[in-house]
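Below is one structure, written out as structure tokens; comments come after it.
In this chain, numbering begins with 1 at the start of the sequence shown. Only heavy atoms go into these numbers, but all of them, side chains included; no hydrogens, no water, no symmetry mates. When a ligand or atom number is given, it counts from 1 through the structure's own listing order.
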Amino acid sequence: MQSKIILALDLGSLDEAKYFIHKLYPKVKIFKVGLQLYTAAGPKIIQTIHQKGGEVFLDLKFFDIPNTVAQAIREAVRQRIKMLTLHILGGEAMLKAAVKAAKSESERRKVKKPLLLGVTILTSQKTHPNQVLKLAKIGINSGLDGVVCSAREARALRSKIKRKFLIVTPGIRPKGVKKNDQKRTATVKEAVQAGSSFLVVGRPILEANDPLKALQLLE
Ligand code: C5P
């Protein structure tokens with residue numbers, strides 16, 4: 001199951017991120033770079049992960065006019081990003097422009113197209129399952145490769161959307177570990193059984209005295 005785990009590098013500096021990348025690679029192969037770390041460290045963090053042999057999940061949750069998002073996606077292709085997020089609430093025109101930009105830029109550069117993942121509703125917010133399903137359908141029908149959603153929603157999405165798509169699930173907590181601000185948590189096993197393809201874990205590892213042990217405890 002470890003190959004499915006993505007470490008959320010929710011940290012404030014390149015040095016802190018390096019500590020976790022060196023400690024956890026190759027047990028963890030995909031590292032999520034979000035708003036905090038990207039604002040602090042910039043593209044250097046992407047190079048650092050690639051130099052180590054890891055892959056990058058760029059979680060900047062793009063949400064802007066179609067042209068701006070498309071241009072940002074082209075930059076992500078140039079930086080050989082494995083997967084990235086955008087808000088489905090940004091609308092169909094934005095999503096389609098993103099899909100088109102990812103395809104054309106990766107064909108032009110003869111590199112692998114990044115996986116585009118739509119954010120439905122943040123796991124820190126309460127929501128109605130129908131809203132998540134509606135957004136997920138819009139995302140998949142617009143050509144996204146998958147969606148980000150909680151484990152609870154993953155099962156419903158798998159049963160209601162028949163097409164092949166990826167599910168990335170944050171809010172992963174081993175039993176008995178604090179939930180922080182996450183409202184819809186699940187264990188690794190529960191999320192995989194519900195149909196999640198990748199699991200995003202942050203604080204349970206980042207705040208542990210022994211990050212490697214915390215990773216093992218997730219199983
Ligand atoms: O520390 P924790 O394991 O809660 O980290 C979860 C990560 O997943 C954070 O980086 C957060 O930004 C991200 N995320 C989320 N809910 C979403 C999408 C992303 O918690 N819907």
Side-chain angles (χ1 to χ4, degrees), residues 1-2 4-13 16-17 20-21 24 28 30-41 45-46 49 55-63 81-90 115-129 131-136 138-140 144-154 156-157 165-192 194-209 211 214-219:
M1 290 219 208
Q2 267 180 4
K4 292 176 181 279
I5 290 178
I6 298 174
L7 178 64
L9 292 170
D10 293 329
L11 301 162
S13 73
E16 281 175 280
F20 285 101
I21 296 162
L24 294 169
V28 172
I30 309 175
F31 297 89
K32 184 170 88 72
V33 177
L35 294 172
Q36 184 190 5
L37 185 57
Y38 199 76
T39 305
I45 180 60
I46 294 170
I49 294 168
E55 295 186 293
V56 179
F57 174 11
L58 190 64
D59 184 23
L60 299 181
K61 299 187 176 70
F62 295 150
F63 190 150
I81 298 298
K82 179 185 174 70
M83 54 218 275
L84 60 86
T85 49
L86 57 173
H87 273 285
I88 297 174
L89 286 168
L115 299 168
L116 303 193
L117 304 167
V119 174
T120 53
I121 304 288
L122 298 177
T123 41
S124 58
Q125 291 175 343
K126 287 198 172 133
T127 179
H128 193 277
Q131 202 192 351
V132 174
L133 178 64
K134 195 176 143 206
L135 286 171
I138 294 172
I140 306 297
L144 297 185
D145 299 286
V147 294
V148 180
C149 72
S150 77
R152 288 185 207 174
E153 292 139 5
L157 296 190
F165 65 100
L166 297 169
I167 294 181
V168 177
T169 299
I172 299 297
R173 294 290 181 273
K175 290 236 178 308
V177 166
K178 68 175 175 185
K179 294 186 172 187
N180 311 104
D181 55 354
Q182 298 285 16
K183 298 247 175 358
R184 289 167 277 145
T185 62
T187 63
V188 166
K189 205 169 156 202
E190 285 162 349
V192 171
S196 303
S197 327
F198 293 102
L199 316 160
V200 176
V201 186
R203 287 163 291 182
I205 291 176
L206 302 178
E207 292 176 357
N209 290 330
L215 178 68
Q216 280 158 10
L217 286 177
L218 284 172
E219 300 283 310

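For ligand 1 and Ala8, the ligand atoms under 4.0 Å from any heavy atom of the residue are 10 (O). Here is the list of ligand 1 atoms found below 4.0 Å of a heavy atom in Val200: 7 (C), 8 (O). Those atoms of ligand 1 that come under 4.0 Å of a heavy atom in Arg203, given as number and element, are 1 (O), 2 (P), 3 (O), 4 (O). Each of the atoms 1 (O), 2 (P), 3 (O), 4 (O) of ligand 1 lies under 4.0 Å from some heavy atom of Arg173. Remark: ligand 1 atoms within the under-4.0 Å shell around heavy atoms of Lys61 are 12 (O), 18 (C), 19 (C).
Any N or O atom pair closer than 3.5 Å counts here, and Val119 shares no such pair with ligand 1.
The CG atom of Leu60 lies 9.0 Å from the NZ atom of Lys32; values are rounded to the nearest 0.5 Å. Note that CD1 of Ile6 is 8.5 Å distant from NZ of Lys82, once rounded to the nearest 0.5 Å. Within the model, atoms CD of Gln36 and CG of Asp59 stand 12.5 Å from one another, a figure rounded to the nearest 0.5 Å.
The heavy atom nearest to atom 10 (O) of ligand 1, considering only Asp10, Val33, Leu7, is found in Asp10.
Residues satisfying the side-chain hydrogen bond (donor to acceptor under 3.5 Å, both in side chains) criterion with Asp10, sequence neighbours excluded, are absent altogether. Every residue meeting the side-chain hydrogen bond (donor to acceptor under 3.5 Å, both in side chains) condition with Ser197, not counting sequence neighbours, appears here in chain and number order: Arg158.
Residue Val56 forms a side-chain contact (heavy atoms from CB on, under 4.5 Å) with just one option from Ile49, Ile30, Leu9, and that option is Ile49.
Between the Asp145 side chain and the Leu117 main chain, no donor and acceptor come within less than 3.5 Å of each other.
Counting heavy atoms closer than 4.0 Å to ligand 1, residue Pro204 contributes side-chain atoms (C-beta onward) but none from N, CA, C or O. Contacts with ligand 1 closer than 4.0 Å are made by backbone heavy atoms (N, CA, C, O) of Ile121 only, the side chain lying farther away.
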